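Here is the structure we will look at.
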Amino acid sequence: DAGVIQSPRHEVTEMGQEVTLRCKPISGHDYLFWYRQTMMRGLELLIYFNNNVPIDDSGMPEDRFSAKMPNASFSTLKIQPSEPRDSAVYFCASSSTFGSGTRLTVV
Amino acid sequence: QKEVEQDPGPLSVPEGAIVSLNCTYSNSAFQYFMWYRQYSRKGPELLMYTYSSGNKEDGRFTAQVDKSSKYISLFIRDSQPSDSATYLCAMRASGTYKYIFGTGTRLKVLA
């Protein structure tokens with residue numbers, strides 16, 4: 001089992017650009033989570049899905065953020081337009097197993 | 001006040017020491033408690049998972065939950081330099097999978 005696969009590992013983008021983060025969860029896991037980690041705020045839950053259905057998106061900071069899970073093997077987190085304050089490490093977790101994260105820098 | 005409080009450390013101990021890591025919380029509805037270990041530039045890794053009050057042991061690790069005091073602990077026996085990492089507590093209430101994380105305690109075990 002390759003675990004939770006996130007791509008890209010690193011992303012540097014300019015303010016105002018659209019950013020898409022991708023996640024392939026572990027097969028058979030019913031829950032998928034998107035988290036954001038910063039030094040100031042720690043690890044925060046953005047949204048989670050159960051059987052591909054969004055259950056709680058109360059952690060999504062604003063309308064610039066959106067997440068989808070079109071099928072059991074793929075999810076995306078999109079930021080449009082991106083801002084410097086979105087710079088963070090974004091983690092996808094399949095049940096209690098985390099991916100390696102995407103380090104996003106918005107300049 | 002944050003829902004989950006955790007001392008950020010760093011906590012430095014000599015190899016072989018017993019380490020105690022703690023979190024306090026304010027929401028009495030929390031029933032499920034987890035401890036994660038996170039190495040630098042890696043994702044968190046689940047160490048322990050407990051439900052309600054009591055103790056749970058797994059090798060050198062023991063998790064304790066005291067719901068009356070809203071206090072959870074992770075003990076590491078015979079600590080090793082490889083235990084040097086940030087330890088995060090997480091918890092949730094029944095009926096939701098919205099986990100609230102502590103900010104993490106950075107541990108350094110000195111050889």
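None of the values given here were measured: they were computed from a predicted structure. Every chain is numbered from 1, with letters handed out A, B, ... down the list of sequences.
Placement of Y51(B) and Y49(B) within a single hydrophobic cluster is found when ILVMFWY residues are connected by side-chain heavy-atom separations under 4.5 Å, directly or transitively. Criterion: ILVMFWY side-chain heavy atoms under 4.5 Å apart, direct or through other members. Under it, L45(A) and W34(A) are not part of a common hydrophobic cluster. Note: the hydrophobic cluster containing F30(B) does not contain Y48(A) (ILVMFWY, side chain heavy atoms under 4.5 Å, direct or indirect links). A continuous path of hydrophobic side-chain contacts links F98(A) to F33(A) [ILVMFWY only; heavy atoms under 4.5 Å]. Under the 4.5 Å side-chain heavy-atom criterion for ILVMFWY residues, no single connected hydrophobic cluster contains both V4(B) and Y32(B).
Distance check: L43(A) CG to T86(B) OG1 gives 11.5 Å after rounding to the nearest 0.5 Å. In this structure, CE on M39(A) lies 10.0 Å from OG1 on T103(B), to the nearest 0.5 angstrom.
No donor-acceptor pair under 3.5 Å is formed between the side chain of Y31(A) and the backbone N or O of Y97(B).
Pairing each heavy atom of R9(A) with each of R41(B), the nearest pair is NH2-O, 4.2 Å. Taking both residues in full, the closest heavy atoms of F91(A) and K42(B) are given as CZ-O, 3.7 Å, listed atom of the first, atom of the second, then distance. Closest heavy-atom contact between Y36(B) and S96(A): OH-O, 3.3 Å.
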- Item | Candidate pair Y99(B) and Y35(A), rule side-chain contact (heavy atoms from CB on, under 4.5 Å), full reasoning | CA-CA 10 Å; Y99(B) 280 95; Y35(A) 291 92; 3.9 Å; yes
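Other residues, nucleotides and ligands contribute only 12 or fewer heavy atoms inside 6.0 Å of the NZ atom of K24(A). Within a 6.0 Å sphere centred on CZ of R77(B), heavy atoms belonging to other residues, nucleotides or ligands number more than 12.
Interface residue Q38(B): only side-chain heavy atoms are found under 4.5 Å from chain A. Contact of Q6(A) with chain B is not made at all, since no heavy-atom distance falls under 4.5 Å.
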